[in-house]
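Down below is the structure, laid out as structure tokens.
In the text below, chain A, chain B and the rest are named by the order of the sequence lines, each starting its count at 1.
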Amino acid sequence: METKTEKSRDRAFSIFYSALCALFCLCLLSVLLVMAAKLPPFGDPGNPSNNEVPSRYIEQGPAETGAVNIVAAMILEYRGFDTFGESCVLFVAVCAVLALLRNEERDAFDELLHDMEESTHDVILKGVSRVVAPMIAAFGAYVIVNGHLSPGGGFSGGAILGSSMMLYAFSFGTREARRILSYDNCRRVMTAALLLYALIKGYSMFMGANGYSTGVSPGAPGRIFSAGLILPLNIAVGLIVACTMYILCILFSKGEMR
Amino acid sequence: MAGGLLNNYYDVVAVILFCIGFTTLFLNRNLVKKIIGLNIVDTSVYLFLAAKGYITGRAAPVIKDGVASAEAYINPIPAGLILTGIVISVSVTAFSLALILNLYKKYETLDLDEILRLAAAAKEDE
């Protein structure tokens, strides 16, 4: 009897909670819509966000950093320490997921997971990924290396590279993938890339945080070997992102990585 | 007001997406769906920031033909901010999914109410 009244009380509370949430979200929606209507007009050059900072980046960026891609010049040169923090966040995320998922006893959850130990028997998947995975990897490397010349850079190129590694691991099985893309190798590459980034960025900060004073010439904008330290920084970021994506994906699909 | 809404249609879509994600975060009991709601909220913020950086009729901020004039390109700063946001959202998603995985291993359900009930029952048993 008591459990029955408790249950009905629970139900009443959950209905009340849902109604309150819906009401709150509707109020929030209307407030935000009024705000959106009063924001500066979309696409107007005179908006307050288009102040002297972006103009400075665009007008002086190519001469100061040698990078044609202003976003790359911004995130790796003018705001390079911010990007270092981002890479550290990725590294810490991998560490946290590892700490949470490793050394767990196997139980019913494993039945939900694919057994990736052996390679799949799907001929089409294997045949296609044998052709496609290297192409994706090459495209990812292209996007990373051309980060200062074209749209893209370490983060997007690293994600593409990581997806080719995932495709390889999923279609050929982790036992096959472990020969090159083992956890230890990924961890080493990732830590080395993070250290490389910290060294390069620390060096450039100690030399005055200016592209000219590092001793590495910005070069002629538009050439592949230009933009001073942006190219190695992009490569470091790309390796970190690719290894993070791969490690996270394997950890979540298998629970453990050996 | 209606004119402002029509003019700022990107912001309006971002706001609506934000509220959809927020409502999912509140009302859905499934923890994985809560994370999906959080990701919808993130996406709406990226859309909002990208809309703030756009300037009608200008090119993406990659210097073309040596024209280094601020009049020719859109604002590059929101692009950098979105990059930061994506990285943080990926990290937070991975971390919360790992936590949820551990919760699932312990309680064998993804329903938040059920987990709370089971946890309370386990506490009473002690």
Side-chain angles (χ1 to χ4, degrees), chain A residues 14 18 21-22 24-26 28-29 32-39 41-45 47 49-50 53-55 57-63 68-71 74-75 79 82-83 86-87 89-90 92-94 96-97 100-101 104 107-109 149-151 155 221-222 244 248 251-252 255, chain B residues 1-12 14-16 18-20 22-23 26-27 48 51-58 60-64 66 68-80 83-84 86-88 90-95 97-99 101-102 104-105 108 113:
Chain A
S14 99
S18 308
C21 286
F24 175 77
C25 289
L26 279 177
L28 187 71
L29 179 65
L32 288 176
L33 277 178
V34 171
M35 179 213 75
K38 304 229 160 137
L39 276 173
F42 172 69
D44 184 14
N47 281 352
S49 58
N50 304 323
V53 181
S55 341
Y57 285 164
I58 291 173
E59 279 159 8
Q60 308 293 326
V68 176
N69 182 356
I70 299 298
V71 178
M74 195 184 89
I75 63 165
R79 302 182 174 192
D82 179 38
T83 309
E86 277 173 59
S87 311
V89 166
L90 277 178
V92 171
V94 169
V97 172
L100 283 168
L101 293 188
E104 286 291 322
D107 50 13
F109 190 81
L149 300 178
S150 60
F155 285 101
T244 309
L248 286 180
L251 275 175
F252 277 118
Chain B
M1 167 119 180
L5 282 180
L6 273 181
N7 194 13
N8 288 342
Y9 57 98
Y10 271 93
D11 303 338
V12 170
V15 161
I16 292 171
F18 183 89
C19 285
I20 290 173
F22 214 60
T23 318
F26 267 147
L27 288 182
F48 182 79
K52 291 295 104 187
Y54 182 71
I55 302 170
T56 314
R58 296 195 186 173
V62 178
I63 303 289
K64 223 166 114 188
S69 144
E71 306 298 312
Y73 305 102
I74 63 165
N75 189 344
I77 293 178
L83 217 57
T84 313
I86 292 173
V87 169
I88 306 299
V90 165
S91 310
V92 169
T93 306
F95 181 60
L97 282 178
L99 285 176
L101 213 67
N102 277 2
Y104 185 87
K105 275 178 187 165
E108 292 186 347
D113 290 354

task: Answer yes or no: is there a donor N or O on one side and an acceptor on the other, between the side chain of B:Ser91 and the main chain of A:Ala93, under 3.5 Å?
output: no
field: Exam field: side chain B:Asn8 to backbone A:Phe42, donor-acceptor pair closer than 3.5 Å
entry: yes
query: Mind checking what makes salt bridge (charged side-chain N to carboxylate O under 4.0 Å, His left out) contact with B:Asp113, not counting sequence neighbours?
result: B:Arg29
Using 0.5 Å steps for rounding, measure from the [atom1] atom of [X] to the [atom2] atom of [Y].
X       : Y       : atom1 : atom2 : value
A:Leu39 : B:Tyr10 : CG    : OH    : 15.5 Å
A:Ile70 : B:Ile74 : CD1   : CD1   : 11.5 Å
B:Leu27 : A:Phe24 : CG    : CZ    : 11.5 Å
A:Cys25 : B:Phe18 : SG    : CZ    : 9.0 Å

message: Heavy-atom pairs under 4.5 Å with chain B: which of A:Val53, A:Leu28, A:Val94 has the most?
response: A:Leu28
field: Best-contacting candidate, A:Ala22, A:Ser14, A:Pro41, A:Ala96, against chain B by heavy atom pairs under 4.5 angstrom
entry: A:Pro41
For [X], is it the side chain, the backbone, both, or neither that has a heavy atom closer than 4.5 Å to a heavy atom of chain A?
X       : answer
B:Ala51 : both
B:Ile86 : neither
B:Leu83 : both
B:Phe95 : both
B:Leu99 : both

Name the region of [X], side chain, backbone, both or neither, that has any atom closer than 4.5 Å to a heavy atom of chain B.
X       : value
A:Leu29 : both
A:Val34 : both
A:Leu90 : both

statement: Of the listed B:Asp11, B:Thr56, B:Thr23, B:Asn75, the one with the largest count of heavy-atom pairs under 4.5 Å with chain A is B:Asn75
query: Under 30°, 30 to 60°, or over 60°: which ring-plane class applies to B:Phe22 and B:Phe26, parallel, tilted or perpendicular?
result: perpendicular
